Amino acid sequence: MLPTYNIAITGLNNTDNPGPGVPVIRGLREAKSFKVNIIGLAYENLEPGIYLDGICDKVYQIPYPSAGSTAFIDRIKYIHEKENLDFIIPNFDAELFTFITSQDILSDLGIKTFLPTLEQFEERQKVNLPEYGKKYNVQVPNSKALTSLSEINDLRKEFDYPLLVKGKFYDAYLAYNPEQVINHFNKISAKWGLPVIVQAFAKGTEVNVIALGDGNGNTIGAVPMRKQYITDKGKAWGGITLGDEKLLELTRNIIKQTKWRGGMELEMIKTNTGEYFLIEINPRIPAWVYLANGAGQNLPEAMVNLGLGKEVIPYTSYEIGKMFVRYSQDLIVDLSIFEKLSMNGEL
Amino acid sequence: MKIKKNIAISQSGFAFDPNSGDSFSLNPIATEIVNLLKDDKDEQFITSHILEKYEIDEFTFQRNFDDFVQMLKHYQFVE
């Protein structure tokens, strides 16, 4: 008889900038080693994952990380009293700091997580990527953190145009001149705060890897993917698994050296000459995780088992040439359901 | 010239490069030529094979074959 775990999950925003919550839940519901009750944690009352059939068993609204960790912990305690949580999988970059620093409190409550350490989380931040590249011998494009508009004019001394302007958590825009950098700087800093990062534009094909590290330097699973169809927000609307051994070797090497703990996504540029540049490390499972599941690696299941201290045998293969294609669909929702969530904060 | 070993080509002429994720649709004659290249047949063998099998003069075939080879190189189909 399989055990049943109560697992809370954030990232239910299956929008055109999708969070990983729904595909993570789909993976967990297909787990072979346990059954799940899914408790969705939503920041906004219009996150589509709240209303999708067969995704969440219960849904609770939670406060934004900006409300402070006390409000967050109080809310988690309340949810835990009602749902007896076994595990939480946070799926947003912006909330990870709060979850990582609250791990001990959560653990005392009996709620497990499987997250990177604070050091691992901090050293792969976009602003620290050049040092990261040097430390772990990975090629990264030159980048610089900007804290004021006055620094933009001097960028020509260090960078050629075009260059990428990035938010510290999300968003990246290509800029062909200083005026465009100013525009993007203002837009990004208003949304995500400072610093804003500029990064040299590496020309080539973007390839991504989803991976799971066990915290001891071992890679539990890894699947590389190339986006085949990209939205105007730069998100994958379709993708295909690759058989790129060099990319996998690079991933295993990073996990081995950093002893990465938890899910991650490596964003790389492969140049025409076959070189790889690391442009970003996302410290969590990406929204295309269900492709890895479809290709034979159920990484959310493996992550929960690792977090619960179970023995997990590393995946050694996956199906190459497996594709995913996203779609959008209108969900019809009764006002009473929306009202219940809006007024009570739970559903 | 050798077609990369990992390139998969189906009977319908659908070709897939697992390293880049690129896929291509080959017409029947392109499929036949790529399969001959995969079987390590050289240009001379392919030319005589095609000239024998189809109604085409050598000059026209050679011109088209050269174009096709350039395309294979461009898409990194060959080692």
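Order of the sequence lines sets the chain letters (A, B, ...), proteins ahead of strands, with each chain counted from 1. These numbers were taken from a predicted model, which means no experiment stands behind them.
Among all heavy-atom pairs drawn from A/I320 and B/P18, the shortest one is CG2-CB, 3.5 Å. Considering all non-hydrogen atoms of both residues, A/T241 and B/F16 come closest at O-CZ, 4.2 Å.
A/I240 touches chain B through its side chain: at least one heavy atom from C-beta onward sits under 4.5 Å away, while N, CA, C and O do not. Contacts between B/D17 and chain A at a heavy-atom distance below 4.5 Å are absent for every atom of the residue.
Shown here is B/D42, whose CG atom has more than 12 heavy atoms of other residues, nucleotides or ligands within 6.0 Å. The environment of OH in B/Y54 is crowded: more than 12 heavy-atom neighbours from other residues, nucleotides or ligands sit within 6.0 Å. Counting non-hydrogen atoms of other residues, nucleotides and ligands closer than 6.0 Å to CD of B/E79 gives a total above 12. Within 6.0 Å of CD in A/E30 there are more than 12 heavy atoms belonging to other residues, nucleotides or ligands. Heavy-atom contacts from other residues, nucleotides or ligands closer than 6.0 Å to OH of A/Y229 number 12 or fewer.
Between B/N19 and A/K270, some side-chain heavy-atom pair lies under the 4.5 Å cut-off.
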